[in-house]
Amino acid sequence: DLIVHVRDITHPETILQKATVLSVLKNLNLPSHLLDSMVEVHNKVDLIERYKPTEENALAVSALHGHGLEELKEEIEKKILTTTGKKILTVNVNLEGPQLSWLYKEATVQEVEVMPEDGTARVKVIIGNSAFGRYKNLFPN
């Protein structure tokens, strides 16, 4: 669904390495949307003082120090959701009904926050459009 190209930005041949990787990917006859949505990651930015990527849409990270990893995670999540046509939603469910079980079968449940005072839960899910449509038809409230 997504290509993440991680480069050692401190390597003296990093530009040539990028060109080589892109050439190999193009020769694999991958779908153009896959190449167009590729995430470019510049790693080891901790070794270059005040590093700012000059390439459009490149993310600067330091895997060693954790710098930029949250932004990278968010970018990957955003691109995967766009590519797969899924979305992240929080729905309220009645714990006495079948909704939670249905969500576990038909979606990816990320979090469940139980509200014991009224027997409900807030459920954060990753769900496709068609599955969400079925959910709304089955559980209109």
Side-chain angles (χ1 to χ4, degrees), residues 1-95 97-141:
D1 293 322
L2 180 66
I3 296 172
V4 179
H5 181 206
V6 181
R7 292 172 47 199
D8 174 352
I9 207 64
T10 66
H11 193 283
E13 298 293 334
T14 189
I15 301 295
L16 179 60
Q17 288 174 336
K18 177 183 179 176
T20 302
V21 167
L22 291 177
S23 175
V24 168
L25 289 173
K26 285 178 184 163
N27 288 333
L28 291 174
N29 294 319
L30 298 171
S32 61
H33 75 274
L34 201 53
L35 294 173
D36 294 341
S37 67
M38 181 168 57
V39 176
E40 176 85 19
V41 181
H42 295 179
N43 190 27
K44 297 188 179 180
V45 298
D46 54 294
L47 299 177
I48 301 174
E49 195 171 325
R50 293 189 189 103
Y51 179 78
K52 291 260 193 253
T54 56
E55 297 170 41
E56 194 176 323
N57 299 322
L59 297 170
V61 305
S62 168
L64 180 65
H65 298 289
H67 169 78
L69 296 183
E70 191 58 37
E71 292 86 355
L72 175 59
K73 178 184 163 210
E74 289 170 9
E75 182 67 14
I76 289 172
E77 184 175 86
K78 182 177 84 177
K79 294 243 176 148
I80 289 289
L81 291 173
T82 300
T83 300
T84 61
K86 294 187 178 182
K87 55 183 125 196
I88 297 176
L89 299 172
T90 300
V91 293
N92 292 320
V93 301
N94 180 340
L95 292 174
Q99 292 100 322
L100 186 57
S101 176
W102 190 94
L103 287 169
Y104 270 108
K105 286 184 207 154
E106 302 293 331
T108 302
V109 175
Q110 291 192 307
E111 293 174 21
V112 178
E113 182 185 353
V114 175
M115 309 299 178
E117 60 277 358
D118 62 0
T120 65
R122 282 193 199 107
V123 184
K124 184 177 175 186
V125 296
I126 300 173
I127 191 166
N129 289 330
S130 63
F132 187 58
R134 290 191 311 273
Y135 177 83
K136 289 191 302 189
N137 285 338
L138 288 167
F139 312 107
N141 296 332

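To the nearest 0.5 Å, the span separating CD1 on Ile126 from CD1 on Ile88 amounts to 5.0 Å. Between the CD1 atom in Ile9 and the OG atom in Ser62 there is a gap of 13.0 Å [rounded to 0.5 Å]. Between the CG atom of Leu16 and the NE2 atom of His11 there is a distance of 9.5 Å, given to the nearest 0.5 Å. Here NZ of Lys26 is found 12.0 Å from CG of Asn29. Values are rounded to the nearest 0.5 Å. Taking CG of Asp8 as the start and CG of Leu47 as the end, the distance is 8.0 Å to the nearest 0.5 Å. Leu22 contributes atom CG, which lies 6.5 Å from atom NE2 of His5 (distance to the nearest 0.5 angstrom).
Sorted by first and then second residue, the side-chain hydrogen bond (donor to acceptor under 3.5 Å, both in side chains) pairs involving residues 97-110 (not counting sequence neighbours) are Glu106-Arg134.
For the residue pair Val45 and Ala60, the shortest heavy atom distance occurs at CG1-CB, 3.7 Å. The heavy-atom pair separating Gly119 from Asn94 by the smallest distance is O-OD1, 3.6 Å. Minimum heavy-atom separation, Val112 to Val109: CG2-CG1, 3.7 Å.
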### Task
Carefully, step by step, assess Gln17 and Thr20 under the rule side chain to side chain contact (heavy atoms under 4.5 Å, CB included).
CA-CA 5 Å; Gln17 288 174 336; Thr20 302; 5.6 Å; no

#### Entry: Verdict with reasoning, Thr90 to Val123, per side chain to side chain contact (heavy atoms under 4.5 Å, CB included)
CA-CA 5 Å; Thr90 300; Val123 184; over 6 Å; no

### Query
Going through the distances and angles, do Val61 and Leu69 end up as a side chain to side chain contact (heavy atoms under 4.5 Å, CB included)?
CA-CA 6 Å; Val61 305; Leu69 296 183; 4.1 Å; yes

### Message
The test is side chain to side chain contact (heavy atoms under 4.5 Å, CB included); show your working for Thr84 and Asp1 and say whether it passes.
### Response
CA-CA 7 Å; Thr84 61; Asp1 293 322; 3.7 Å; yes

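Proximity of a side-chain donor or acceptor of His65 to a complementary backbone N or O of His67 within less than 3.5 Å is not detected. In this structure a side-chain-to-backbone donor-acceptor pair under 3.5 Å is present from Asn43 to Ala63.
Around the CD atom of Glu49, the shell of radius 6.0 Å holds no more than 12 heavy atoms that belong to other residues, nucleotides or ligands.
Lys18 is not listed as a side-chain neighbour of Ile15, based on a closest heavy-atom distance of 4.5 Å or more. Looking at Ile3 and Leu34, their side chains come closer than 4.5 Å, going by heavy atoms from C-beta outward. At least one side-chain heavy atom of Val91 sits less than 4.5 Å from a side-chain heavy atom of Phe132.
Between Arg7 and Glu55 there is a salt bridge, since at least one side-chain N of the basic residue sits less than 4.0 Å from a carboxylate O of the acidic one. Here Glu75 pairs with Lys79 in a salt bridge; the nearest charged N to carboxylate O distance falls below 4.0 Å.
Note: Phe139 and Tyr135 have tilted aromatic rings, judged against thresholds of 30 and 60 degrees for the angle between ring planes.
Judged by distance alone, the side chains of Lys86 and Asn129 never bring a donor and an acceptor atom under 3.5 Å apart.
When each of Leu25, Leu2, Val21 is tested with Met38 by the rule side chain to side chain contact (heavy atoms under 4.5 Å, CB included), just one qualifies, namely Leu25.
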